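Just so it is clear, the structure is predicted and the values come from calculations on it, not from any experiment. Letters A, B, ... mirror the listed sequences (proteins, then strands); counts begin at 1.
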Amino acid sequence: MTAVPFDMRPSFTPDLSDPGFGIYVHWPFCAAKCPYCDFNSHVRHQPVDQPRFVQAFLKEMATMRRLTGSRTVTSIFMGGGTPSLMAPETVDAILNGIARHWHVPDGIEITMEANPSSVEAERFRGYRAAGVNRVSLGVQALNDRDLKFLGRLHDVADALKAIRLARDIFPRMSFDLIYARPNQTVEDWDRELKEAVSYAVDHLSLYQLTIEEGTPFYGLHKAGKLIVPDGEQSAVLYEATQEITEREGMPAYEVSNHARPGSESRHNLTYWRYGDYVGIGPGAHGRLTTGGAKIATATERKPEGWLSLVEAEGHGMVDQELLEREAQADELLLMGLRLKEGIDLVRWQALSGREPDPAREQFLIEHGFIERLGNSRLRCTPAGMLILDAVVADLAC
Amino acid sequence: MARMSTNSSTPLDHIRNFSIVAHIDHGKSTLADRLIQSTGGLAEREMSEQVLDSMDIERERGITIKAQTVRLHYKANDGETYVLNLIDTPGHVDFAYEVSRSLSACEGSLLVVDASQGVEAQTLANVYQAIDNNHELVTVLNKIDLPAAEPDRIKEQIEEVIGIDASEAVLISAKTGLGIPDVLEAIVQRLPAPKSEGGEKAPLKALLVDSWYDTYLGVMVLVRVIEGRISKGQTIRMMGTDAKYTIERVGVLTPKMVAMDSLGPGEIGFITASIKEVADTRVGDTITEDKRPTAQALPGFKPAQPVVFCGLFPVDAADFEDLRSAMGKLRLNDASFSFEMESSAALGFGFRCGFLGLLHLEIIQERLEREFDLDLIATAPSVVYQLYMTDGTMRELHNPADMPDVVKISEIHEPWIRATILTPDDYLGGILKLCQDRRGIQIELTYVGTRAMLTYDLPLNEVVFDFYDRLKSISKGYASFDYQITDHKEGHLVKMSILVNGEPVDALSMMVHRMAAEKRGRDMCEKLKELIPKHMFKIPIQAAIGGNVIARETISALRKDVTAKCYGGDATRKRKLLDKQKAGKKRMRQFGKVEIPQEAFIAALKMGDE
């Protein structure tokens with residue numbers, strides 16, 4: 001693919017009628033596993049054979065292309081793992097592959113995740129030259145003690161260096177922070193978040209620490225050795241987050257994602273607006289409309305297993321589930337209500353074949369958890385967003 | 001079925017009919033096994049632990065629920081062979097009626113006492129029943145092989161507490177087999193042979209001791225012949241029910257079934273006669289020959305009355321019919337358990353069931369769950385109240401939900417029991433307090449060595465609510481307890497309702513004494529606060545008497561419940577989680593706006609954890 005012109009900042013138009021079509025590529029390797037992370041990431045002590053992976057990615061793309069038919073891509077996202085462990089040539093080959101299989105207009109959002117510890121100016125420039133125009137940095141905290149607790153390989157100085165570099169090289173940049181850490185007070189977080197906002201360009205992802213099953217944190221938490229803020233404290237932290245980011249001009253457009261208006265992540269919006277997306281690479285998930293049906297795809301999680309599958313069969317998919325309309329309605333609801341803009345009820349009704357239960361809806365409205373916008377949109381209020389999972393369960397029944 | 005060649009009945013003086021009375025765990029069943037083994041009733045390979053306790057629950061809990069019988073052939077030291085009929089009896093208070101009818105079929109009893117633990121409450125209750133039945137007693141001290149055994153002290157204690165001569169007590173270890181020949185010899189020498197006034201020639205007069213349902217043979221009836229003979233092909237008449245049957249089989253249990261042609265005076269055995277249901281037989285009835293009936297029926301027994309009631313509901317409403325048929329099957333074998341349909345807003349359709357006591361309740365529930373693979377919810381157990389109405393009538397209340405308007409009631413009477421508690425001295429203080437807290441009235445407090453024997457009158461309603469568990473925990477399991485229902489007395493009783501978010505939850509309402517209401521209400525509200533998950537709004541939980549709130553707790557509103565990260569790869573997982581939540585909601589019961597998981601009901605209704 002031809003490189004996106006340097007100076008051309010991708011434009012974002014919140015076109016609610018078009019959820020878009022995204023391509024996700026998963027790079028499954030990390031330099032070290034973080035104790036809170038349950039993503040599909042693997043640590044390898046031998047160098048990874050990147051050209052071999054490139055060949056497999058290209059092969060899997062060809063299969064996916066047959067499923068989706070010809071379509072226009074609205075965003076590309078390289079996640080992981082740690083995609084910034086890829087050589088720029090690898091990234092270039094992947095992006096060129098995508099452009100060969102689908103229609104990729106100039107200027108679409110192309111994001112890559114990067115870790116501050118694996119940043120080198122040279123590589124960043126290489127990614128940029130390959131076409132990456134947005135980078136998402138896993139900063140996670142702005143104090144060394146908490147970075148250590150989170151098992152990160154970088155310190156604050158590394159993070160600031162990476163942020164500066166990313167700002168210089170990429171038109172758009174986001175970074176992640178994890179909050180609601182053990183013993184974190186609202187005052188601590190208030191200070192840290194304000195500092196973070198001052199480094200931000202147009203986007204921030206602010207996640208509350210979640211104890212996921214199967215992680216080292218899970219064991220510690222179960223044994224009572226890791227105490228995370230309780231419901232009340234985490235609610236207070238969440239509310240403080242909303243208040244600060246709003247004041248600073250980066251309001252939440254999704255549960256944990258904040259952007260200057262117009263700078264929302266186009267790619268992630270596709271997930272939440274329940275559009276189609278192709279998932280390529282080990283453990284990648286996709287939602288594809290093919291022959292009038294919507295299917296959920298999932299590939300083999302183990303990198304080497306995925307590799308041999310693709311080499312033998314042309315793809316690494318281990319699961320292709322035909323989604324019934326009710327299942328699609330559920331997914332639309334649980335993804336869509338995460339967005340401040342809410343969901344299109346007409347679309348939900350078309351899938352579920354029913355109206356929301358009037359008594360439940362009335363109850364949720366009366367308690368100030370949801371609201372109607374016009375006659376076809378439904379969204380969560382800020383109070384509803386705090387208990388979204390309960391609201392979704394209520395509406396889905 | 002094996003067949004015995006002998007047709008001529010055993011002479012009376014070569015028969016001994018006996019029971020074993022003992023407290024739980026004092027080794028009754030092990031002794032029975034040893035007696036069977038050493039007289040050759042079963043080959044070594046056929047012996048499973050505790051042969052006579054045939055139900056799984058009986059073996060697991062070490063208790064006997066159904067009386068069992070076995071016929072032993074014993075060659076005594078005098079060179080003669082005797083027929084020994086052992087009727088094993090349940091040890092637990094709930095099954096006292098089984099004990100009494102088994103005892104009435106025998107002339108003597110072995111009183112088995114643990115040589116280190118000594119006399120316990122159930123020993124007392126059962127031994128007095130044996131004495132009431134004019135039994136001769138042979139005292140057997142078991143577990144003599146244990147280092148803690150103190151036979152001399154226990155003999156003294158038996159003489160002091162029970163008032164019988166224990167000097168000739170037989171010392172045994174049922175576990176090792178030590179002393180078993182002495183027990184057999186004592187049975188022959190010291191227990192009386194049965195008497196039969198009319199003898200073999202008289203018209204048939206037999207006692208219906210028990211009946212049960214056998215999958216292959218149908219209803220089996222255990223009989224004790226008093227006079228005359230009972231034979232295959234004979235047409236018999238049940239004098240109480242006036243029903244006529246033709247006998248198909250006559251036999252004895254060794255404990256294997258062995259067919260006989262007939263049974264004569266003093267003998268114990270079974271008959272089958274195409275009887276459809278156990279309920280068609282009345283325990284204690286007199287069986288006679290239809291064409292040559294006996295002049296005088298036996299005195300008979302009072303039928304066992306359920307004293308504790310509770311609702312049993314299927315967790316899954318779809319299991320209702322299965323539950324109905326399972327209860328019908330259990331009742332085939334246990335006529336003392338009653339049930340009728342009930343419906344509850346909280347729990348759907350189920351049955352109001354009557355039991356002989358708490359253990360009986362637990363056993364039936366466990367058998368339904370285990371043998372019929374049902375998941376059940378049991379509501380709080382309730383006793384039978386007598387409501388004296390202002391119009392002069394009296395009605396019984398089995399279910400707090402049926403409580404009529406209080407203005408129409410002039411008095412409520414509740415059943416009282418007389419309880420006997422034996423406890424090591426150390427726990428006396430705690431037990432006295434427990435009895436006082438449960439409205440007990442002390443009747444007597446005496447000492448036997450370092451053990452206290454307490455007699456208390458207590459309202460049964462205080463006992464069905466976790467009394468036994470509390471007693472066990474206070475005394476670290478050392479106290480023993482037994483009771484008898486004595487009478488009904490007026491009590492200041494009220495119906496306590498539980499309201500969740502202002503809606504009464506019928507399954508949780510209960511009858512309580514006014515003085516205990518506050519505490520019980522507080523306990524229940526606290527428990528529910530733990531058990532009901534947070535909702536999107538705050539939920540008041542109240543305990544109320546009529547319109548008066550006596551206890552209150554509040555479940556705070558759900559503050560935060562949102563997944564932090566949810567991207568393209570998470571949609572499937574989240575959807576599956578949502579499917580689970582939807583399924584979970586189906587198992588919830590809706591009270592107004594509040595959803596209460598069934599698990600919360602089960603836990604809230606669970607007796608005994610305070």
(request) Using a strict 4.0 Å threshold on nitrogen-to-oxygen distance, state whether B:K582 and A:E326 make a salt bridge. (result)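 The answer is yes: the pair qualifies as a salt bridge.
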
Say you draw a straight line from [atom1] of [X] to [atom2] of [Y]; how long is it, rounded to the nearest 0.5 Å?
X      : Y      : atom1 : atom2 : answer
A:L334 : B:T563 : CG    : OG1   : 8.5 Å
A:N257 : B:C566 : CG    : SG    : 11.0 Å
B:M536 : A:D394 : CE    : CG    : 4.0 Å
B:Q581 : A:D330 : CD    : CG    : 10.5 Å
A:L333 : B:R575 : CG    : CZ    : 13.0 Å
A:D389 : B:K560 : CG    : NZ    : 9.0 Å

For [X], is it the side chain, the backbone, both, or neither that has a heavy atom closer than 4.5 Å to a heavy atom of chain B?
X      : value
A:Y24  : neither
A:E239 : side chain
A:F39  : side chain
A:F369 : side chain

Less than 3.5 Å apart, which donor and acceptor atoms pair up between the side chains of residues 540-552 of chain B and the rest of the protein, not counting sequence neighbours?
none

Give a yes or no on whether [X] atom [atom1] has more than 12 heavy-atom contacts from other residues, nucleotides or ligands under 6.0 Å away.
X      : atom1 : value
B:E321 : CD    : yes
B:Y478 : OH    : no
A:Y207 : OH    : yes

(request) May I ask you to decide if the ring planes of B:F537 and A:H367 are parallel, tilted or perpendicular, using 30° and 60° as cut-offs? (result)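 Because their plane-to-plane angle lies in the 30° to 60° range, the rings of B:F537 and A:H367 count as tilted.
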
(request) Take the angle between the ring planes of A:Y271 and B:Y567 and call it parallel below 30°, perpendicular above 60°, tilted in between. (result)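 Perpendicular.
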
Find the one option among [options] whose heavy-atom pairs under 4.5 Å with chain B are most numerous.
options                        : result
A:A296, A:A396, A:G384         : A:A396
A:E254, A:E331, A:Q208, A:H267 : A:E331
A:A393, A:S256, A:A359         : A:A393
A:L206, A:T210, A:L388         : A:L388

For [X], which atoms come within 4.5 Å of any heavy atom of chain A: side chain, backbone, both, or neither?
X      : value
B:K593 : side chain
B:L578 : side chain
B:D570 : neither

(message) For a 4.5 angstrom cut-off between non-hydrogen side-chain atoms, does A:H285 reach B:T572?
(response)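 Side-chain contact under 4.5 Å: yes.
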
(request) Could you have a look at B:L577, B:V562, B:D579 and say which one has the most heavy-atom pairs with chain A under 4.5 angstrom? (result)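 Between B:L577, B:V562, B:D579, the count favours B:V562.
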
(request) Could you check which of B:K534, B:H535, B:K574 has the highest count of heavy-atom pairs closer than 4.5 Å to chain A? (result)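 Looking at each of B:K534, B:H535, B:K574 in turn, B:K574 comes out on top.
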
(request) Could you walk me through whether B:K565 and A:E212 pass the salt bridge (Lys or Arg N to Asp or Glu O under 4.0 Å) test, one step at a time? (result) CA-CA 11 Å; B:K565 278 191 175 187; A:E212 303 286 358; over 6 Å; no

(request) For residues B:A564 and A:R338, report the shortest heavy-atom separation together with the two atoms involved. (result)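 That would be O-NH2, 3.1 Å.
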
(request) Taking all non-hydrogen atoms of both residues into account, name the closest pair between A:G231 and B:R559 and its distance. (result)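 For A:G231 and B:R559, the tightest heavy-atom pair comes out as O-CG, 3.9 Å.
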
